[in-house]
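Heads up, the thing below is written out as structure tokens.
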Amino acid sequence: MSAFLRLAALLAFVPFIVAAPAATDCTGTISSLDDVDDAVECTTVNINSFTVPAGETFELDLATGTTVNLLGDITFGVKNWDGPLFQVSGKSITFNGNGHTFNGNGPSYWDGQGTNGGVTKPHPMMKIKISGTYSNVKVLNSPAHTYSVSNPAALVMSQLTIDNSAGDAANSNSDGDPAGHNTDGFDCSTTDLTIQDSTIHNQDDCIAINKGSNIVFQRNSCTGGHGISIGSISSDVTVSGITIKDNTITNNDQALRIKTKASATGATVSNITYSGNTGMGMRKFGVLIDQSYPDTLGTPGTGVSLSGVNFVGTTNSISVASGAKRVAVNCGDCSGTWDWSALKVSGGSAGTINYSGIEDFSQ
Ligand SMILES: *[C@@H]1O[C@H](CO)[C@@H](O)[C@H](O)[C@H]1NC(C)=O
Ligand SMILES: *[C@@H]1O[C@H](CO)[C@@H](O)[C@H](O)[C@H]1NC(C)=O
């Protein structure tokens with residue numbers, strides 16, 4: 001190769017150089033959206049209590065290495081639009097919520113229909129696109145889905161509260177149904193994410209892992225919703241290396257679920273580990289692994305390869321309500337040997353398990 005060709009080949013691989021935001025060692029203070037542009041020039045950003053005008057996103061595009069301190073509660077004005085209400089992006093960020101609240105004013109939107117109908121609800125409420133740490137933040141009453149997480153590098157989210165408990169009751173627009181609907185806690189399509197030591201009370205999945213690898217969900221408490229979910233899995237996605245550990249799941253539809261779409265093709269779900277989870281009062285199933293989503297225990301699809309689903313380590317101990325099934329497994333394309341030696345489910349009645357690769361478990 002001539003020197004010229006070598007140079008040309010080399011240049012072809014030089015990525016665009018994007019100017020990083022100039023990080024200055026100063027403290028910016030935000031008391032309204034007008035302050036944001038100046039404040040994000042600094043590597044310390046303090047946020048005071050204020051109300052975000054209806055129909056606007058409170059968006060922080062932070063310089064690498066920024067520390068954010070939430071010093072008061074943030075309330076979002078109400079408007080029927082897509083959202084998000086809050087978005088934060090940046091690398092190596094330290095986000096300290098200091099126990100303060102983002103209030104989504106959910107009751108002003110809730111009509112029991114979530115994102116399936118009724119009025120338009122801004123969702124997700126909180127879009128997290130940082131690496132680093134994000135901790136001690138409370139979200140009160142999200143209109144629909146609460147967090148969507150797509151971190152650019154490793155992120156640890158800890159000591160968070162999602163309180164949509166007010167959505168359990170019906171309201172004048174919900175026709176007798178719980179007013180909150182589709183209020184997922186965390187929707188994750190990402191890698192290298194840990195969510196821990198958090199409290200979630202909602203009306204849908206506590207966490208839904210739709211895609212990605214190296215995700216840990218541990219020591220969280222999930223109340224009222226649809227449990228800890230892998231999926232729903234669509235076509236051409238890979239999920240692997242997921243650890244669901246030491247969580248407490250109370251009065252959910254099911255404690256632990258894997259749901260793959262019957263229509264999905266070219267997808268792989270593997271290496272899912274459950275350890276030390278405790279569940280009480282499941283309304284439908286203790287554990288549900290179902291390849292027929294959105295049908296429950298319908299005809300499963302064969303386009304999602306599912307393997308390596310293990311209950312190991314500390315016993316997973318789950319009790320279900322009297323009308324519920326303990327464990328149901330509905331496989332279309334399951335493979336390998338699954339070690340279920342650390343699963344104990346009690347109450348209700350046995351479900352149907354139609355996969356023969358499960359070892360060390362009987363219900
Ligand atoms: C399974 O995932 C865990 C992390 O959850 C990882 O440490 C391990 O190496 C993975 N195993 C395989 C066979 O990929
Ligand atoms: C599980 O049951 C479903 C529904 O009856 C059936 O379509 C599927 O082929 C079964 N899978 C296995 C592995 O037996």
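Start at 1 and go down the list; that is how both ligands and their atoms are numbered. Position 1 is the first residue of the sequence, and the numbers go up from there.
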May I ask you to decide if the ring planes of Phe86 and Phe58 are parallel, tilted or perpendicular, using 30° and 60° as cut-offs?
perpendicular
Note: ligand 2 atoms sitting under 4.0 Å from heavy atoms of Asn330 are 1 (C), 2 (O), 3 (C), 4 (C)
Here the atoms of ligand 1 under 4.0 Å from any heavy atom belonging to Gly241 are 2 (O), 5 (O)
the protein heavy atom lying closest to atom 2 (O) of ligand 2 turns out to be Asn354 ND2, 2.3 Å
For atom 14 (O) of ligand 1, is the nearest protein heavy atom closer than 4.0 Å?
yes
Whether Phe311 and Trp340 hold their rings parallel, tilted or perpendicular, with breakpoints at 30° and 60°
perpendicular
Worksheet item: Run the ring pair (Phe, Tyr, Trp, His ring centres under 6.0 Å) check on Tyr134 and Tyr147 step by step: do they pass?
Response: CA-CA 12 Å; Tyr134 177 92; Tyr147 280 105; 5.8 Å; yes
Counting from 1 in the order shown, the ligand 1 atoms closer than 4.0 Å to a non-hydrogen atom of Thr243 are 5 (O)
>> Among all the protein's heavy atoms, is there at least one whose distance to atom 9 (O) of ligand 1 comes out below 4.0 Å?
In response: no
Ignoring angles and geometry beyond distance, decide whether Asn271 reaches within less than 3.5 Å of ligand 1 through its nitrogen or oxygen atoms.
-> yes
Q. Do Lys245 and Arg219 pass the side chain to side chain contact (heavy atoms under 4.5 Å, CB included) test, and can you show the C-alpha distance, the side-chain angles, and the key distance before you say yes or no?
A. CA-CA 7 Å; Lys245 192 166 169 250; Arg219 302 189 303 265; 5.8 Å; no
Between Ser89 and Asp61, a side-chain donor and acceptor under 3.5 Å
yes
Heteroatom distance test (Pro300, ligand 2): nitrogen or oxygen, under 3.5 angstrom
no
